[in-house]
Engineer: 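If you scroll down you'll find the structure; I have some questions about it.
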Amino acid sequence: MRKRLHTLLTLGATVFTVFLPELVRAAGPAAEMLIVVADSRRVSAGWGRYFVDSYNTNPLWFGLEVTIITALMGVTLGLITDQIMKRIGIDLTSRKIVEH
Amino acid sequence: MLEWYTMYMPISGVDIFWPGLVLIGFSVGCIGGFFGMGGAWMVTPGLNILGFPMAFAIGTDIAHIAGKSMISTFRHSKFGNVDYKLGCIMIIGTVIGIEIGAQVVMWLERLGTIGPVVRWVYVGLLALICIMVFYDYYKANKKKKAGDVGEHGAEGITWYKTLHRIKIPPMVHFKTAGFTCSAWLPIMVSFLTGILAGFLGIGGGLIRMPALVYLIGCPTHIAVGTDLFEVMISGLYGTFTYGAKGRIEIYAVFVMLMGAAIGAQIGTVATKYAKGYGIRIAFGLAVLACMVSIILKQYGFNTSATVLILGAVGSICVYICWIMFSGAAKELREKKAASH
């Protein structure tokens, strides 16, 4: 039983990994091959320069950075705005489901 | 000389009117949180108008959608609007469906008939969703007048009741959504909506949300939350893959998320004060605007199409803010009265 579950989970994970890019790709028209180099002359230092260098030298690392930062920003901003909403004084934990 | 209202985007190398980015983020956060979709069809033209090259507009759009969907999903989750089990089961069908849809597109590309076919199928599908939403409202109204009211109020279209009679094992109980059905139902529905999404080249929230309501039988609020959970997962993967392809302007994502964080909270909390049919009707109107804009584009009226999309986004956003603020004010008044 456990072996069967393992097989199923592995199969599911493989299908998921293989097909997920298509799910994302379908969000917009397929982009043509494009090589873009960020111009580092206008950003001399700081985070801007860091991202430009990262973009120009290691695209995979840049992709990973963007994903992690986006997720972190989502969580952080979510928590901050959550606190702001709580201060309004409304109940943010329950709601009634009324269709009509 | 750079003015205070422009911001240099180091990756794409363009100067962008940043309040426009905040506004787009806010609007789409609001609408996405309320309807349960990513809203790429609204953001991409907006970014393009602000001056982003199309390649960057799509990637930046996806990253921003991932971030704001996280905010909305967490908020919906606290309301009990996300059925994680249903969301996870549906991801399987969606992913395989989208792959097949994309293969159909490639086959049509080889035949050389892809452009018009996709556009007109899209228009037909949106028209169908519109008709379904408005007919459902009409039917529910009629039932309400006749006194035929269920647990959550009157319901119009109840196709899901017929589909729930299919008892092919394994039967699964979805606690949050509050129903039991064959696991094959959400898998097949997500598979079919996935095929359509892959074929049309869209994220799928626009199709999945009504499918969750009419075919699977989710209450509207739970359909919205569960759909956002799916959008969040696909959006995060999209951020990585588009980032690795060098199509994301990271600064724009930051700025848009500032607006989206507030918008997502407003849109999500607004669902607490809206009746299911209020959400469905506003959704139907958004779909109608999307459909008309595609027809306009098809006949070369690109500016009119953009104006229509942005006008619809603005109006729906104002409507959502009104629901949220008037609902919150009423709740606070009632709390105050109860404490006295």
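Computed from a predicted model, the values in this text were never measured in an experiment. We name chains A, B, ... by the order of the sequence lines, and we start the count at 1 in each one.
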Engineer: Given that the side chain runs from C-beta out, which part of A:Asp91 has a heavy atom under 4.5 Å from chain B: side chain, backbone, both or neither?
Structural biologist: both
Engineer: Can you say whether B:Glu331 sits under 4.5 Å from chain A via the side chain, the backbone, both, or neither, judging by heavy atoms?
Structural biologist: side chain
Engineer: Under 4.5 Å from any heavy atom of chain B, what part of A:Ile69 do you find: side chain, backbone, both or neither?
Structural biologist: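 Looking at A:Ile69, just its side chain touches chain B.
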Engineer: Taking side chain as everything from C-beta outward and backbone as N, CA, C, O, which of these in A:Trp61 sits under 4.5 Å from a heavy atom of chain B? Side chain, backbone, both or neither.
Structural biologist: neither
Engineer: Within a strict 4.5 Å, meaning less than it, do heavy atoms of the B:Val269 and A:Met85 side chains meet?
Structural biologist: yes
Engineer: Which value, rounded to the nearest 0.5 Å, describes the distance between B:Tyr273 atom OH and A:Ile90 atom CD1?
Structural biologist: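 One finds 3.5 Å between OH of B:Tyr273 and CD1 of A:Ile90.
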Engineer: Identify, with sequence neighbours excluded, every residue that meets side-chain hydrogen bond (donor to acceptor under 3.5 Å, both in side chains) alongside B:Ser326.
Structural biologist: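 side-chain hydrogen bond (donor to acceptor under 3.5 Å, both in side chains) check on B:Ser326 returns nothing, list empty.
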Engineer: Looking at every heavy atom in both B:Ile71 and A:Gly74, which two are closest together, and how far apart are they?
Structural biologist: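 In this case the closest contact between B:Ile71 and A:Gly74 is CG1-O, 3.3 Å.
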Engineer: Within the structure provided, determine whether B:Ile11 and A:Phe62 are in side-chain contact (heavy-atom separation under 4.5 Å).
Structural biologist: yes
Engineer: Tell me, for B:Met9 versus chain A, whether the close heavy atoms (under 4.5 Å) come from the side chain, the backbone, both or neither.
Structural biologist: neither
Engineer: Quick check on the interface: out of A:Leu64, A:Ile68, A:Leu72, A:Leu79, who has the most heavy-atom pairs with chain B under 4.5 Å?
Structural biologist: A:Leu64
Engineer: So for B:Met256, is it side chain, backbone, both, or neither that comes closer than 4.5 Å to the heavy atoms of chain A?
Structural biologist: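 Looking at B:Met256, nothing touches chain A.
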Engineer: A side-chain contact here means heavy atoms from C-beta on lying under 4.5 Å apart; do B:His64 and A:Met73 qualify?
Structural biologist: no
Engineer: Once you round to the nearest 0.5 Å, how far does CZ of A:Phe51 lie from CD1 of B:Ile248?
Structural biologist: 12.0 Å
Engineer: Heavy-atom cut-off 4.5 Å, strictly under: side chain, backbone, both or neither for B:Tyr251 against chain A?
Structural biologist: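 It is the side chain, since no backbone atom gets that close.
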Engineer: Under a 4.5 Å heavy-atom cut-off, does chain A meet the side chain of B:Phe79, its backbone, both or neither?
Structural biologist: both
Engineer: Highest number of heavy-atom pairs under 4.5 Å with chain B: which of A:Gly78, A:Gly89, A:Gly63?
Structural biologist: A:Gly63
Engineer: So do A:Val66 and B:Phe240 actually touch side chain to side chain, heavy atoms under 4.5 Å?
Structural biologist: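 No; the side chains remain at least 4.5 Å from each other.
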Engineer: I'd like to know whether A:Leu77 forms a side-chain contact (heavy atoms from CB on, under 4.5 Å) with B:Met70, so could you lay out the CA-CA distance, the side-chain angles of the two residues, the decisive distance to 0.1 Å, and finally the verdict.
Structural biologist: CA-CA 10 Å; A:Leu77 287 170; B:Met70 283 182 87; over 6 Å; no
Engineer: Do A:Ile88 and B:Leu332 touch side chain to side chain, with heavy atoms closer than 4.5 Å?
Structural biologist: yes
Engineer: For B:Lys335, is it the side chain, the backbone, both, or neither that has a heavy atom closer than 4.5 Å to a heavy atom of chain A?
Structural biologist: side chain
Engineer: Got A:Thr67 and B:Tyr237 here, is their nearest side-chain heavy-atom distance under 4.5 Å?
Structural biologist: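 The answer is no; the side chains never approach within 4.5 Å.
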Engineer: Give me the atom names and distance for the closest heavy-atom approach of B:Ala63 to A:Thr70.
Structural biologist: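 Smallest interatomic distance, heavy atoms only, reads O-CG2, 3.2 Å.
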Engineer: Can you check side-chain contact (heavy atoms from CB on, under 4.5 Å) on A:Leu92 and B:Arg75, steps first, answer last?
Structural biologist: CA-CA 8 Å; A:Leu92 292 169; B:Arg75 165 60 44 226; 3.6 Å; yes
